[in-house]
Every structure is written in C-alpha cells, then in structure tokens.
Amino acid sequence: MSACTLGVIGGSGIYDLPGLQDRQEIVVDTPFGLPSDALVTGTLAGVRMAFLPRHGRGHRLAPHELPFRANLHAMKQLGMDCVVGISAVGSMKEHIEPGHLVLVDQFLDRTRGRTQESTFFGDGCVAHAHFADPVWEPLRQLALQAARKAGATAHDGGTYVCMEGPLFSTRAESKLYRSWGVDVIGMTNLQEAKLAREAEIAYATVALVTDYDCWHETEADVDVSAVIAVIRKNVDLARRVVAELAQLVAASPPISAAGCMQHAIMTAKEAIPPDARRRLDLLIGKYLG
C-alpha cells in the first residue's frame, strides 16, 4: 500500500466515488463542527483514500454555507496527506471550453462573508501561513498527468477567481474579471486551499469547465440547467481522473506538506489559551510542546 494518502472533495454532481475497496462510511466530528456529509474511506490502486461530497449528498449546501474548516479538519483527522478538490467552474477565456479541465495554480479572492471559514486561527492563537503559491505543485503535476491519461483536454495552470455566490456573476463583473486575465471562476476552492495549507495538507484543484460565465457574446448566458448538463457528461471523466491519480500517487514518492506551519505561529506559546490549544492540537500541537 502507498505510504501517501489521498483525500478527494467532490464538487457539483460528484456525490460518490465508486470503486473504493474496503469501503466504510464514517461520521467525523471536529472542533469546528460536522463536515458537509459523512466521509467514505477505502483504498484505490493501493492508496488509502477518503471522499467527501462538498455540498452534501443531494447538494444541500450552498457555497456560502459550506463548513470548510470542518471539511479540511476531517480530512486531517483521517490522516490524508493530500487533498484534491474537484470543482465546477466557468471559463473566462475562449480557448478554455466547456468540458475541459484546468489544473489551476493561482487564486484571487472575491468572497466577502467567509472570514471565519477561511482560517483555523484566531480566538487566542494567531498564525500567518506562507501562501504565495497556493497549490501544492507536486500534487498538481500528478493531477495534470492523471487528467491527460484519463483522456481530458487539460490546461496546465491558470488563475481561479473565487466569488461569493450563490448567484452567478453580473455581466459587468464577468467582464471585469476577464480584464484581470483570470482563467476560470468558481465559488468554493480557495477556502479549501487556505485551510489545507494551515493543516499541512498538500492541496490541488481539478477545475471542470461547465460554461463561459456571461461575458461571451455568442454563447448563451450561464444557467443551472446548462451547467448540470455538462456536469452529467463529465462525472465519469472526473472519476477516471481520480482513478488515474490514485495510480500515479501509488507509483510516486510520497507527497507531504508537513512543516508548513512550523514558523507561522505568531502568538507566544504561553499566551495561547487552553481552548485554543485543544482546538488546534491536531494542526500545531507538535509545535507548541
């Protein structure tokens, strides 16, 4: 069995991960509440894995309602070294077509109401993680290889602008974001990337393009029915990517983000209150002594 473990957070339309051996469903409680749903664990290609549907089975949770902290903490509790977030996105460039995949390497934050769900820290313990490169490059490269082996048209790199939602963009917003040179637009993955870094989990995003947002002059404006139609066509593709990724992870040197937070904690150890120590023990207890 591979020494590296792999978590998968499934986005819109991806509510299960078939093919797992020794499959178990686990309800994980965390210091930050319950995650979006029960997690499913098992093995694939000799890799120990955990799967979580980001919006819950039946798509019950809107982007601004997601318990991001609980979701990533649950992955940490289950011992996941790496997490891949699969996400439906809109394309902001002509050549990135619906049905393509983008292995993004940068993010822009346009969310407004998610401060609490964007960090494990605060309330007695301050930390500032290094985040210039928000995606863990060794994992992203494996995901890119997996996407191409699965038969996808996969773009190497790109900037994901994370908007608040749950409404889609106005036309003015869409044209503004295009003027910034971004590649795709979505509502979820940036918070996961931030929390993964604080949890010392290697993180990458597989962005599944469903539409052209509303900037495109000749394509129909985005609506839910069009998005769902593309998602349904590509659920199997996303699952094939995960299967290929598991094989690549099994054959590759272990990927680890351990040590990211070693020098990030600003608060003096003696000043961190007991409640904060308990809440953060899994994440930084080894650095607090």
Once rounded to the nearest 0.5 Å, what's the spacing between atom CD of E164 and atom CZ of R110?
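Here the interatomic distance stands at 10.5 Å.
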
Please walk me through it: do Y203 and N189 pass side-chain hydrogen bond (donor to acceptor under 3.5 Å, both in side chains)?
CA-CA 10 Å; Y203 181 84; N189 287 61; 3.0 Å; yes

Within the supplied structure, the quantity of interest is the number of heavy atoms (other residues, nucleotides, ligands) at a distance under 6.0 Å from [X] [atom1]; does it exceed 12?
| X | atom1 | result |
| --- | --- | --- |
| Q24 | CD | no |
| K286 | NZ | yes |
| Q116 | CD | no |
| H59 | NE2 | yes |

Test side-chain hydrogen bond (donor to acceptor under 3.5 Å, both in side chains) applied to D213 and S174, step by step:
CA-CA 7 Å; D213 205 50; S174 191; 2.5 Å; yes

Salt bridge present between [X] and [Y] (N-O < 4.0 angstrom):
| X | Y | answer |
| --- | --- | --- |
| K194 | D109 | yes |
| R57 | D16 | no |
| R114 | E117 | no |
| E192 | R54 | yes |

Does Q145 reach the side chain of R140, with side-chain heavy atoms less than 4.5 Å apart?
no

Any side-chain heavy atom of D211 within less than 4.5 Å of one from S91?
no

For [Y], is there any backbone N or O sitting under 3.5 Å from a side-chain donor or acceptor partner on [X]?
| X | Y | answer |
| --- | --- | --- |
| R69 | S118 | no |
| R48 | T5 | no |
| Y287 | G285 | no |

With hydrophobic residues grouped by side-chain heavy-atom distances under 4.5 Å, do L52 and I201 end up in a single group?
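Hydrophobic grouping puts L52 with I201.
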
For I231 and T210: C-alpha separation, side-chain torsions, deciding distance, then whether side chain to side chain contact (heavy atoms under 4.5 Å, CB included) applies.
CA-CA 7 Å; I231 287 172; T210 60; 3.8 Å; yes

Does a donor on one side chain sit under 3.5 Å from an acceptor on the other, for E198 and T119?
yes

Short side-chain donor-acceptor distance under 3.5 Å, E94 and H216
yes

Verify the ring-centre separation between H95 and H100: is it less than 6.0 angstrom?
no

Could you walk me through whether V242 and I86 pass the side chain to side chain contact (heavy atoms under 4.5 Å, CB included) test, one step at a time?
CA-CA 9 Å; V242 171; I86 301 173; 3.7 Å; yes

